[in-house]
Amino acid sequence: MGIRFVLLVNKQGQTRLAQYFEHLSIDERRALEGEIVRKCLARNDQQNELAILEFIHLLVETMDRHFGNVCELDIMFHLEKVHFMLEEMVMNGCIVETSKTNILSPIQLMEKAS
Amino acid sequence: MEQLKSFGRELAMGSQGGSSKEFLDLVKSIGEARSKSEEDRIILRELETLRRRLSEPDIPRRKMKEYLLRLAYAEMLGHDASFGYIHAVKMAHDDNILLKRTGYLTVALFLDEGHDLIILIVNTIQKDLRSDNYLVVSAALVAVCKLISEETIPAVLPQVVELLGHPKEAVRKKAVMALHRFYQRSPSSVSHLVSNFRKRLCDNDPGVMGATLCPLFDLILEDANSYKDLVVSLVSILKQIAEKRLPTTYDYHHMPAPFIQIKLLKILALLGSGDKQASSHMYTVLTEIFRKCESSSNIGNAIIYECVCCVSSIYPNSKVLDAAIEATSKFLKSESHNLKYMGIDALGRLIRINPDIAEEHQLAVIDCLEDPDDTLKWKTFELLYKMTKSTNVEVIVDRMIDYMINITDSHYKTEIASRCVELAEQFAPSNQWFIQTMNKVFEHAGDLVNPRVAHNLMRLIAEGFGEDDEGADTQLRSSAVDSYLRILGEPKLPSLFLQVICWVLGEYGTADGKYSASYIIGKLCDVAEAHSSDDTVKAYAVSAIMKIFCFELAAGRKVEMLPECQTLIDEVLASHSTDLQQRAYEFQALLGLSPQVIENVMPPDASCEDIEIDKSLPFLSNYINQAIENGARPYISESERSGTASTIAVASASQYQHDTSSVHSLKFEAYDLPKPRGPVPSIQSSSMSSLPTISSDLVPVSEATYTTREEQQNPKVQTLADQISAEIGVRLRLDGVQKKWGRQTYSSPSAPSTSSSSSTQKPSNGMVTSETIRENTLDSRKQQIPEVSAEKQRLAASLFGKKAVEKKTQAGTRRPVKEIQPAVATSAPEAPKEDKVIAPAAPPPDLLDLGEPSETATQTIDPFKQLEGLLGPGAGSDRASGPGPSVSAVATADLMSMVTDMPPIIDSKSSDKGVISSTVAKKGPNVKDALQKDATARQVGVTLTGNNPNLFKDLLG
């Protein structure tokens, strides 16, 4: 499994979004999020770190396109939408979709439908 | 202004999303929380509100969605919101797609696949998979990936397979991923469906194709051979992507579908690994990507890096390899830390193909080593660790130690300390260097290294170099003593290191006559005083002092009892640690003995002597036979004894021989009362039956220092020793002190002597001169720091180049140590590590032999040998002629007479005085009677189970 979790954290270190691709209990999650710096540094051997960095950037760009210059509050007020985007982009810990159009179209359709 | 702007946004968003004021307030207050505790208060309050709200009837669906998101916030911030889980499950039933997907999302956020509520959601998923609305189907497939466990796979599998042919590409893609999830959960559940992945690889939609690469990667990782036929198609896909044939929506920063390219390269790396033919298909496309990729963007570099990884994995081709090397050197020369980092990693991969590559980039690597960025530095150390060989081990380990000293993070410190130890053990050019290196590691990270390392170090100092050069060994030890006396001045030394220091000072502190006994003793007292709370260090110090006293007394010199030493001993005599007490009592008792005895008890530099063991103790047979003839009962092993004591007490020995079935039966009768002691034979039986009381008298032994030994201690023998001591020790027991350590003698060899006895010693190599040389080189390095480039050049040379070899040989000529052939590392590209491991690491072969470094030997000490040694050659027949009598306490007289009465059966052995081990000797003055007890005990024990199974048959019919 390439990606085990995605966390969005603001500059103060507060969690703003957390999606896990493997199950962890609340306690484990809390411990992990506390230790996050070390976990970030202990990347596994076959990971292309630069590509992961760019993937994070792609996520931000996708949110930008949806919210228009995304900020912390956008994510906080529309937590579920960011989750939906992430669900489109990553499944089973793998990057499955990188086209912004494809990522956002189901979300826009859902908004229209309701 | 900024605040106003965000406030405006809030209002706008609030009105858009139809969120309530409560939600707005919650988000705002979380956003404004200044501390974790404030945040916790907000969430706890929020959870109370939600609990109330959720218990209200008829909650509007929109409202419920908001509540669920508020619960998700609480869980995300680390609070339990399990009371609301059921509402999430319910929401997944909703007809509205947005609400349904929110329901699925929150269920996935709250529950794992094993949760009880999951079973409620499976039905919903089944229904939704059949929906006409592809958004509903997609939502259900996302939920399948997250919520379906191994057991529930069959419930949805047929529908998922059907959806692989769905007209909507988004659904096909998700169906592929659902199958992938099933494969991850339970490969066997989808083993018959694997061909679907091959089919989907040819899907018209690039998204579906890209997604299919994920399961294929996993499959190929497991079994590459079954997928070699895909190489051509995968290469052609990669080529088309690189030629920008894909829709531009997949472009990212002007790179065509970079994430798919990276995944393809990963798969090709697997398929081409060790396969010349498969690899040959890839060279063209790889070269093309190297040529085309923009190195101006991060993502372009990510692809280039992945290409390098692929090249280093597949069968090498010089043209592609050159391109990879060029790309790597671009990374290394880059200004960006990220790219340098990638470059170091790529270099680490390429040197596996050809170690020479590192040489070209030596200066860049050294730059990275000096970079302030810790991550980069760490990565560079990883690279150096991979390329360590005997020619550069000194430079690399020196660097690592410098780095180790300067970091505070204990995780990395431990990691790098253990790497230093590993490299030093593997490639050490000389033992002297090894000791120096270990000293540094201990000094700065002693509490973080494995205790085994300390034992190795002690053993190395004791053993020397395995050559016959006794002088060099002596030099090595004196220089170790010198360095330790110097280091003792440092404040705050780790406990483990102090133990090593104490042991070495005790063993060799006075060996070369450079330091007086009282000087060393004074230093040891200082150590004990400064670490009064550390019993282990104190124990080592006390034993070391004891050794020095013994060596001096044995040599016929007088030693003055320093006042601080007396204070220490007095204090330890009353210590709460029985181990410490025992040492002190042994020490006191030793001081009262004659020099000859002391020399036998504590021979100098004998820590490496081999100890031979005779487990059968045949020379006691006569004594035993006699006792049995007199009516004593034979030894019964512990397993047989437990629970059946009374049965056996009743049964005669001959009955017991036949009646083995009763051995494990339950005991129904009460224990016999202890009988009053009568003549010898009856004493034995009575002592047997009163065994429980006796052993409960014994003071429990603190096992702090020799825990490693305890498992090997034979409990059976100990208990028997008790019996015997009960039998012979009527007088022994009168004396409280003796009782305490009379038993102790069994396990008494202290930790220092444990290790001392461990090794077999052979001498060689010197140390004094080489140490000073070492210091000089270190000093000179420090001086040269200003002229950076020259320094770097030299460092580079010593790390990578042939210059290092020359430099080393020079050093080697000055150095009186056994020098390893400056190996031809540079010309031996393949696996330089392995061949070094075997050849040059040779000098201390025992360094590599890490299994149970010291304990085994100690543990196998035969009390009999000890006894024989003490009794001297003539002990069997004439005890007055040996050194024994002077030791033997009055208390042991009757056993002595018993022993002397019997003809020496294995006298050939007992005359072999040279075998006495120092450990044996260190058991203290009471050694003798303890040994006698042991001996008797063993004899009793052995007759039944050991080499003499027929004894009783012969005796008793």
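Quick note on labels: first sequence line is chain A, next is B, and so on, each numbered from 1.
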Is it true that, when you exclude His23(A) itself, more than 12 heavy atoms of the residues, nucleotides or ligands shown sit nearer than 6.0 Å to its NE2?
yes
Checking heavy atoms, do the side chain of [X], its backbone, both or neither come under 4.5 Å from chain A?
X: Asn301(B); result: both
X: Leu135(B); result: side chain
X: Glu39(B); result: side chain
X: His253(B); result: side chain
X: Ile30(B); result: both
X: Leu98(B); result: both
X: Leu105(B); result: both
X: Asn298(B); result: both

Which region of [X], side chain (C-beta onward) or backbone (N, CA, C, O), has a non-hydrogen atom less than 4.5 Å from a non-hydrogen atom of chain B, or is it both or neither?
X: Glu61(A); value: side chain
X: Ile95(A); value: both
X: Ile107(A); value: neither

Pairwise side-chain contact, [X] with [Y], heavy-atom cut-off 4.5 Å (strictly under):
X: Leu79(A); Y: Tyr73(B); answer: yes
X: Cys94(A); Y: Met177(B); answer: yes
X: Asp112(B); Y: Tyr20(A); answer: no

Output the distance between atom CG (Leu50(A)) and atom CE (Met342(B)), rounded to the nearest 0.5 Å.
4.5 Å
Flag, side chain of Tyr341(B) to backbone of Glu49(A), donor-acceptor distance under 3.5 Å
no
